[in-house]
Protein chains: 2
Amino acid sequence: MSESPATARTQAKANRRTVLLDSAAALFAQRGFNGVSIEDLGSAAGVSGPAVYRHFSGKQALLGALLVGVSEDLLAGGRAALAAGHDDAATLRALVAFHVDFALSKPDVIRVQDRDFDSLSTEDRRQVRILQRAYVELWVEVLGRLYPDRGADMRRLQAHAVFGLINSTPHSVALHGRRPGASGARPVLEAMAWNGLAGS
Amino acid sequence: MSESPATARTQAKANRRTVLLDSAAALFAQRGFNGVSIEDLGSAAGVSGPAVYRHFSGKQALLGALLVGVSEDLLAGGRAALAAGHDDAATLRALVAFHVDFALSKPDVIRVQDRDFDSLSTEDRRQVRILQRAYVELWVEVLGRLYPDRGADMRRLQAHAVFGLINSTPHSVALHGRRPGASGARPVLEAMAWNGLAGS
DNA sequence: GAACTCAGTTAATAACCATTAACTTAGCAT
DNA sequence: ATGCTAAGTTAATGGTTATTAACTGAGTTC
C-alpha cells in the first residue's frame, strides 16, 4: 500500500513498536490493563517511560492496537479456513484447529482480549466488537450448514461456549501456573470442541 | 458457632456487609478490581468512601472475602453433588447441572474470580487456590471412575475446559451485552459439557 | 557538512486514590 | 439517664501515575 522508506530509523521504530506490543501483551495478561504503568510498559521494551508516546498516543491506544490486531488475525484465520474449500464438516474442523492453535500459541493476547476489553476507548471497542462479531458469524454460518435444525441464537451460544472451552488453557495457566502438557493439550481440546458441537 | 447478639445494630452491620459484597461483585465484574475506587464501592452500597473500612480492613480484603466465599460455595455445591449417592454418570450430570446453575445465576462473581484473582493478597490467593483445587479434584475423581483409561492430567485439563465452556456466558454477556435466552442456555450448555467430556 | 527530523531522555504537572485522622451521633447496657 | 461503643461523616496525607514540557543527540536529506 504505502511506500516504505526502509531507512534504518524506520526499521528501528517498527521493531520498537512490535517489542512494545509484545511486552505489553505479557504485562497486561499478568497484571491487567490498570495494573500496568506506562513506565512498566516502556522499561519492558528497553526504553523508559514517556518514550512510549513516540509510538502510541497513550496507554489506551496501545491496548487498542493490540486488541484490534488480535481480532483482525482471528478473523483472517477464520476466513482462510472457510476459503480452503473443504466440505462443511472439514471446514468446522479447520476452524477448531485454527482457534486451538491460536489460543495455545498466543495465550497472552487471548487473556487480555477477554479481560481488558472494557478498558478500550469507545472507538476501539466498537471496532473490536465488529471484528469479533464477524468472526463469530463465520462459525455460526458453518454450524448452520451442518446443523440446519438449530436456530441462529443457539449456534451463537455454542460458538461462544467453544471459544470458552478452547480459551480455558490460558486461564488455567494464569491461575495455577500449570503448564498444560505442551502439545498434549491440542488433540484433547479439539476432540472436546467437536463432540461438544456435534450434539447427541 | 459464635453467639449472635442479634441486636439491631449487628443486623444492620451484617446487611451493610452483604450489600457491600454484592455491589462490589457487580462493580468489579464491570470495571475490574483496579478500575473501581473505594469511593465507588461505598457509594454503590449507600455509604460514602471510608465507611467501607468499618466492614473490611481494605479494598483487597473485600475482594478476598468475595472470592473466598465464591470458592467455598462452589466446593460445597460440588461436594453435595457427590454426596447425593448417585452412580458415577448421574454424579457427573449433577456436577454439570450445579456448575451451570451457578454460572448462570451468579455471572458477576464468576467473572471476577477469573479476572481479578491476581489482585488478591498472598494469603487470600493461597486459600482460594486450595479451595479451587479441591473443587477441581472432585471433577477429576468422578471422571477417573467413569473413564479409567484417561490420565489425571488429561482429566484435569478437561475439567478446566468444561469450566471455560460453562463460564463463557458471563463473558459473552459482558462482551456483547447479549442476554442469552434466559433459561434457554441451560440445556444447551449441559449437553455440550456432557458431549465434550464423553469422548468419541 | 549544514539544517532538520524525531526517538529518546529527565523534570514538571495534575489527577486520582487508598488509607488515616478527627470528629459526630445513634444505639445499647447498666 | 448516662456513659460507652461503633458506624458514619468530612478533611488531611502520601503515594502513584498518565500526560506534557523542555531539552539532547543520532540519523537523514539535500
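Order of the sequence lines fixes the chain letters, A, B, ..., with proteins taken first and strands second; residue numbering starts at 1 for each chain. None of the values given here were measured: they were computed from a predicted structure.
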Ion pair present between B:Arg111 and B:Asp108, side-chain N to carboxylate O less than 4.0 angstrom? no
d(CZ, A:Arg31; C1', D:dT17) in whole Å: 13 Å
Value in whole Å for how far the C1' atom of C:dT19 lies from CG of B:Leu62: 15 Å
Determine, for A:Asp114 against B:Arg115, whether the closest basic-nitrogen to carboxylate-oxygen distance falls under 4.0 angstrom. no
Among A:Arg133, A:Arg126, A:Gln127, which residue satisfies the side chain to side chain contact (heavy atoms under 4.5 Å, CB included) criterion with A:Ile130? A:Arg126
Give the rounded distance in Å between these two atoms: CD of A:Glu39 and C1' of D:dA18. 12 Å
Applying a 4.0 Å non-hydrogen cut-off, can you work out what A:Gly58 is touching in the nucleic acid: base, sugar-phosphate, or nothing? sugar-phosphate
Please check the phosphate of D:dG8 (OP1 and OP2 only) for any side-chain N or O of B:Arg16 closer than 4.0 Å. yes
So, is A:His55 close to the C:dC6 phosphate, meaning a side-chain N or O under 4.0 Å from OP1 or OP2? no
By nearest nucleotide on DNA chain D, pick out whichever of A:Ile38 and B:Arg9 is the more 5' one. B:Arg9
Length of the NZ-C1' vector between A:Lys59 and D:dT17, whole Å: 8 Å
Nearest heavy atom decides the nucleotide; on that basis, is B:Asn34 or B:Thr10 closer to the 5' end of DNA chain C? B:Asn34
Per atom distances to the A:Lys13 side chain, the nearest of C:dA7, C:dT19, D:dA18 is C:dA7
May I ask you to say what A:Val36 touches in the nucleic acid, namely base, sugar-phosphate or nothing, with a heavy-atom cut-off under 4.0 Å? sugar-phosphate
Among D:dT9, D:dT20, C:dG27, which nucleotide has an atom closest to any side-chain atom of A:Tyr53? D:dT20
Measure the CG-CZ distance between B:Asn34 and A:Phe33 for me, rounded to the nearest 0.5 Å. 11.0 Å
Closest nucleotide of DNA chain C for A:Gly46 versus for B:Arg54: which of these residues is on the 5' side? A:Gly46
Please walk me through it: do A:Asp88 and A:Thr91 pass side chain to side chain donor-acceptor pair (under 3.5 Å)? CA-CA 5 Å; A:Asp88 294 330; A:Thr91 301; 5.1 Å; no
In whole Å, what is the span from the CZ atom of B:Phe56 to the C1' atom of C:dT19? 17 Å
